[in-house]
Amino acid sequence: MDTRISHASPLSNERLGQIVEGSASEVYVFSVEDCRFTLVNRGARDNLLYTMDDLRDLTPWDLKPEISEAQFRELIEPLISGSIPVVNFNTVHRRKDGTHYDVAVQLQLIRSDDAPPVFFAAIQDVTNRNKIERELRDVSGRLNAILHNTQMAVFVMDDSQQCIFMNSAAEKLTGYKFEETQGRPLHDVIHHSYPDGRHFPLHECAIDRAFPEENQVVGEETFVHKNGCFYPVGFTASPIRDDNDVAIGTIVEVRDISDEITARNAMHRFNDSLQIKVAEAIEERKRVEEQLLQAQKMEAIGQLTGGIAHDFNNLLQVIGGSLELLRRDIGDNPRARQRLENAMGGVARGAKLASHLLSFGRQQPLQPKSINVGRLIHGMSEMLTRSLGEAVEVETIAEEGIWNCLIDSAQVENAVLNLAINARDAMKGTGKLTIEAGNVVLDERYASAHADLTPGQYVMLAVTDTGAGMAPDVLEKAFDPFFTTKEPGSGTGLGLSMVYGLVKQSGGHINIYSEVGIGTTVRIYLQRTRTAEDTERDVPLNQFPHETASAETILVVEDDAIVRSTAVETLREFGFTVVEATNAERALAIIESGAKVDLLFTDVVMPGNLRSPELARRAKEILPDIGVLFTSGYTENAIVHAGRLDEGVELLSKPYTNDQLFQKIGRVMAKVEKKAATVEPDDQSQSKAGGEDAERLRVLVVEDEILIRMNLAEMLNELGAEIKEAGNLSDAQAAFASGDFDIVITDISLPDGSAENWVTELVTNGHTGIIISSGHPADGDLAAHIAARSVGVLSKPYELNDVERCIAERRQ
């Protein structure tokens, strides 16, 4: 393009000069040869603070501090060569006083027929515009940072309902990039079809209605991901309005609510029509309400049974104990003896009923031991045959190498017997009963279908019958308390509830598989333990002959006068010397008086400020070799935690028989004698764990349960260790800071917090003598330290040998 000007009249030139001089834009004319200014209009001069005389001696690069002469000549070369007609660029002008302002330059080469060519520059001061653009960029940047870093998905639609913006969260939520959705209706992106493939009608989309109706819409919807899967969302769709309050688009905020629906136990089955989804949601809500009602019912029954069990079992104890004492007075009168046996049978049935009530309420105090279930079921064969009758064929199958499990063996036997009797009734007294035991591994897939189950290694106990089986509606209620299909008077409906409660209280899992006309299988899964099998048996009845029992003194502590009188009379009949107290405070006064007491036999639940566990602890401080036996009809949480007796605690549940009382006393006293014989008087300065170094072995024991801490301290005393005790985390940290300990044995869950961070800190600082004693698995850094063997583990329940082994490992 040839830019030329023709000759103009003087009047035209004058008018043109006025226009240029008064122009709001800055106008510059400079020569091609030396690039010196020949014309600069008033607007430019005023902005630059230069006069025209000043400017005639200047060149364009003199005003442009960011552009050198060479760079400028390179800019104008295309104009001189004629390759381009106009050069546009942005730069900075420097005023006479040294200040700067931003300019946008449009530069042309003007040629004429009768004059030399000149450069013409029209320049705009864009300082304010640039400032506004920078501020806008800053605001936009902050807005983009907020939108692209928020977890909330944000969509913006224009007045045609087409997508004009998606943030990063929206891209992640839908699987689409913004480039794929730009210019498409948002409806097509998130609702491209029903779950069954039909098109989702536009008028049914609440989000799309927000703009036409110009109302904000809040609700829940189902989106379709790019990969075709469906997921629930919560959304807010709001119209965007202009200055005249006219809706010109829609902004939609969306969040995935899958986790929220899971937390409400709502179904994620949005694969049918909206009507089906609503029906499913209503059905799910009904099911959850029924579960809640069932849980509340079980809780109410548990509280009721716990509240009455103590008094009820006390009454049974008085009746049973008195009947047993009466047995010795009636001689050989057969009628009297028969009536006595009938009365004793009634006591036994009452005790069994109370036990079942406590079992399904999960308040039965368990005394778990490491047992081999295979040996247990083989040992039950004869009893099962007698109980079920000869018409029922009983087969027991135990896998080779079966693992041990931690369970109350007496309660397991009771559970198996209950299941066997149920099976016999289902088979109408004739059929085959199969009892199996084996090792199983329950994986993540199976565990995910059962909320109460942790994947891992289990011992399975299965009881299978060839009976009538259960219909689905019966199967659903099988574990419900008091539910029975038997005739009135033929069953309480507590058998399966008791089994269910025992399994759940023991940390296990239970399932029933049944088919009408085929039979039923009840499978119980008990967690594996690596603890060696506990082969300890009850003390024989002749352990304490009557003529030698008088050497033992028993302190009986019971607030119920009749129960106490019965127990005292029974023990004296056995030949023991008996001292009695009505509460824990009086019992402690007897012990503090220096009286000889070999065994403390105390009720758990009693009035007064001093609790029975504290009485036992203080008694052992005064009389280290005293035996302790608790008794109760309802233990509350005094000596039972997580459904299990505290470590080292012996409990005799009411009502008990004289033989059971005698057995328990024998067991406790045998332990006392075994402990006394463990350390010979001449060898007390020697430690099993450390030989001559034992006197220098300093151990910090951190445990909030008094009886567990007391039991562990006794074991460490036997190993010759010097012990410091702490019952919470703060005391433990203070004790550690003020002492030099070789070994720290600590529980994880403490009253004032978890010890995990403290243990990790100790290990990080190089302490190698840390032993974790806990009934719960560790995770995180602590689990890693355990795996790396930088922390020892003393699994509950434990014995002296386990403590000795752990200490020896830490001392290596």
Side-chain angles (χ1 to χ4, degrees), residues 365-367 369 536 538-539 543-544 549 551-559 563-564 567-568 570-571 574 576-606 608 610-633 635-641 644-654 656 660-678 703 705-718 725 797-800:
L366 302 181
Q367 302 184 55
K369 298 189 298 184
E536 184 177 2
D538 286 337
V539 179
Q543 177 75 27
F544 293 107
E552 309 292 340
T553 300
I554 300 177
L555 172 56
V556 177
V557 190
E558 170 65 62
D559 61 300
V563 176
R564 185 175 67 254
V568 169
T570 300
L571 291 171
F574 284 152
F576 292 107
T577 300
V578 182
V579 181
E580 53 185 299
T582 58
N583 56 44
E585 286 90 348
R586 294 185 180 182
L588 182 60
I590 292 172
I591 293 172
E592 289 176 338
S593 71
K596 176 182 179 297
V597 178
D598 300 291
L599 176 72
L600 173 64
F601 182 41
T602 177
D603 192 12
V604 175
V605 182
M606 288 189 299
L610 185 63
R611 299 169 66 246
S612 293
E614 181 65 12
L615 166 64
R617 186 188 70 81
R618 294 174 67 174
K620 280 188 170 288
E621 289 178 351
I622 299 169
L623 300 173
D625 293 331
I626 192 173
V628 177
L629 175 60
F630 290 98
T631 182
S632 182
T635 58
E636 293 180 320
N637 293 318
I639 58 174
V640 176
H641 294 87
R644 300 181 178 185
L645 284 176
D646 289 340
E647 193 73 24
V649 171
E650 291 287 349
L651 173 68
L652 180 61
S653 295
K654 296 176 183 176
Y656 51 80
Q660 290 170 338
L661 172 60
F662 198 73
Q663 290 254 2
K664 272 292 187 181
I665 291 175
R667 179 185 178 94
V668 174
M669 296 310 297
K671 282 188 175 181
V672 172
E673 291 178 1
K674 180 180 178 181
K675 173 187 168 185
T678 301
E703 171 63 62
E705 293 295 339
I706 296 173
L707 293 177
I708 298 178
R709 188 168 75 241
M710 183 172 62
N711 182 258
L712 178 57
E714 288 181 2
M715 293 181 183
L716 293 168
N717 275 326
E718 290 189 27
E725 298 181 31
Y798 48 78
E799 296 182 352
L800 179 62

Inset, instruction - Provide the closest heavy-atom pair for Ser612 versus Asp603 in the form atom of the first, atom of the second, distance. - result: OG-O, 2.6 Å

Inset, instruction - List the atom of Leu610, the atom of Ala584, and the distance in Å for their closest heavy-atom pair. - result: O-CB, 3.3 Å

Legend entry - Interatomic distance, Ile626 atom CD1 to Leu599 atom CG [nearest 0.5 angstrom]: 7.0 Å

Inset, instruction - Any chance you could lay out the side-chain contact (heavy atoms from CB on, under 4.5 Å) test for Phe601 and Leu555, step after step, and finish with the verdict? - result: CA-CA 6 Å; Phe601 182 41; Leu555 172 56; over 6 Å; no

Inset, instruction - Over all heavy atoms of both residues, which pair between Leu588 and Ile622 is shortest? Give the atoms and the distance, please. - result: CD1-CD1, 4.3 Å

Legend entry - N-O pairing of Arg618 and Glu621 below 4.0 Å: no

Inset, instruction - Please name all residues satisfying salt bridge (Lys or Arg N to Asp or Glu O under 4.0 Å) with Glu585, sequence neighbours left out, ordered by chain then number. - result: none

Inset, instruction - Determine the minimum heavy-atom distance between Thr602 and Leu615, stating which atoms define it. - result: OG1-CD2, 4.2 Å

Inset, instruction - Please report the shortest heavy-atom distance between Gly627 and Val668, naming the atom on each side. - result: CA-CG1, 3.8 Å

Inset, instruction - Show your working on side-chain contact (heavy atoms from CB on, under 4.5 Å) between Ile665 and Leu571 and close with a plain yes or no. - result: CA-CA 10 Å; Ile665 291 175; Leu571 291 171; 3.3 Å; yes

Legend entry - Closest heavy-atom pair and its distance - Ala595, Leu623: O-CD1, 4.5 Å

Inset, instruction - For Val597 and Val579, run side-chain contact (heavy atoms from CB on, under 4.5 Å): C-alpha distance rounded to whole Å, both residues' side-chain angles, the deciding distance at 0.1 Å, then the answer. - result: CA-CA 8 Å; Val597 178; Val579 181; 5.6 Å; no

Inset, instruction - Output yes when a side-chain donor or acceptor of Arg564 lies under 3.5 Å from a complementary backbone atom of Glu558, and no otherwise. - result: yes

